[in-house]
Amino acid sequence: IVNDYAQEPRAKGLPLGHMPIERFIGVPVFEDETVVAVAAMANKPEPFTESDAEQLSALMSGVWRLLQRRAALAAERDLHDKLRALHELTADLASAGDADELCRSAVIGGREVLGLDNLAIWLLSDDRQSIHGTFAADDQRRVRDERDVVLPVTDALPGQVLARGLPSHLALDAPLR
């Protein structure tokens, strides 16, 4: 609370064109132990009081809770939209004619619907000794045919895949067929 701004030693001046300040009150808004916002008022006709600070703090705590609620609702709507899009993508993939069409459509859908960049699908061979490329999306959002790429399953496999610029995850206990 500052009721004589011109005499306040902590005042650092005002930006060019800012209205003059005679009185000022600022209150932090906390979430747990973290300051998440600061509310300020200036130039009340009479001096600011502790009661003003308490009221402003209560008001801004309520405003912060409403902002958080709106953000949570927006996130919930976004999740709902993504789940609906995923459901539609899954239905489209179920109608794929063969494994090649399924993998190509999954890469396209994963990129377009789910926002997965640099997506690639690799299939583990029946003998578990190699993985076979199918289709991949690169950072220019192009779909590449990698059906001619076969890599041995070794300790260095993730490094080999990454060296080719393709993020990877290989779970040998859950092969794709």
Side-chain angles (χ1 to χ4, degrees), residues 15 17-18 26-40 56-177:
H18 195 283
V27 280
V29 179
F30 288 94
E31 184 174 307
D32 299 321
E33 301 291 320
T34 304
V35 175
V36 293
V38 176
L56 181 57
S57 182
L59 171 68
M60 293 313 299
S61 291
V63 167
W64 180 252
R65 283 192 303 275
L66 286 171
L67 289 171
Q68 292 300 96
R69 174 80 175 127
R70 285 186 178 186
L73 288 171
E76 185 178 322
R77 279 191 303 273
D78 185 49
L79 178 60
H80 182 266
D81 291 346
K82 286 180 181 178
L83 288 173
R84 184 178 340 106
L86 182 58
H87 176 73
E88 291 169 5
L89 174 60
T90 301
D92 289 346
L93 293 175
S95 66
D98 61 19
D100 286 341
E101 183 182 344
L102 173 64
C103 291
R104 187 175 193 287
S105 296
V107 167
I108 292 169
R111 185 190 66 214
E112 293 175 358
V113 175
L114 303 176
L116 302 173
D117 293 331
N118 296 318
L119 175 63
I121 297 177
W122 295 80
L123 302 177
L124 185 62
S125 64
D126 289 337
D127 66 5
R128 304 171 71 83
Q129 299 301 308
S130 61
I131 60 171
H132 300 254
T134 64
F135 293 90
D138 63 21
D139 55 354
Q140 277 80 44
R141 303 187 58 79
R142 296 177 302 220
V143 175
R144 290 191 316 267
D145 183 343
E146 295 187 339
R147 291 176 289 179
D148 61 334
V149 179
V150 177
L151 297 174
V153 173
T154 66
D155 291 340
L157 177 63
Q160 291 176 24
V161 175
L162 289 172
R164 297 193 62 229
L166 305 170
S168 69
H169 175 76
L170 179 63
L172 291 177
D173 60 337
L176 297 172
R177 298 195 196 274

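On a predicted model such as this, the values are computed, not experimentally measured, just so you know. Heads up: numbering here begins at 1 and tracks the sequence.
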State, yes or no, whether a side-chain contact exists between Leu114 and Leu86 at a heavy-atom distance under 4.5 Å.
yes
Any heavy-atom pair between the side chains of Lys82 and Asp78 that's under 4.5 Å?
yes
Over all heavy atoms of both residues, which pair between Val113 and Ala85 is shortest? Give the atoms and the distance, please.
CG1-CB, 3.3 Å
Do Thr134 and His132 get their side chains close enough for a donor-acceptor pair, meaning under 3.5 Å?
no
Table please: side-chain donor-acceptor pairs of residues 92-101 below 3.5 Å, with sequence neighbours left out.
from   : atom 1 : to     : atom 2 : distance (Å)
Ser95  : OG     : Asp92  : O      : 2.7
Asp98  : OD1    : Asp100 : N      : 3.2
Asp98  : OD1    : Glu101 : N      : 2.7
Asp100 : OD2    : Arg147 : NH1    : 2.9
Glu101 : OE1    : Gly97  : N      : 2.9

Go through Phe30 and Val36 one step at a time and tell me if the side-chain contact (heavy atoms from CB on, under 4.5 Å) criterion holds.
CA-CA 6 Å; Phe30 288 94; Val36 293; over 6 Å; no
Is it the case that the side chain of Ser130 and the backbone of Val150 share a donor-acceptor pair, with hydrogens and angles ignored and the cut-off at 3.5 Å?
no
Which pairs count as salt bridge (Lys or Arg N to Asp or Glu O under 4.0 Å) when at least one residue sits in residues 29-38, sequence neighbours excluded?
none
Taking the side chain as every heavy atom from C-beta outward, state whether Val149 and Trp122 have any pair of such atoms under 4.5 Å apart.
yes
Could Asp81 and Arg77 be called an ion pair, given the rule that one side-chain N must be under 4.0 Å from one carboxylate O?
no
Can you measure from CD (Glu112) to CG (Leu119) and round to the nearest 0.5 angstrom?
11.5 Å
Heavy atoms of Ile121 and Ala106 approach each other most closely as CD1-CB, 3.6 Å
Would you say that more than 12 heavy atoms from the other residues, nucleotides or ligands in this model lie under 6.0 Å from the CZ of Arg111, or not?
yes
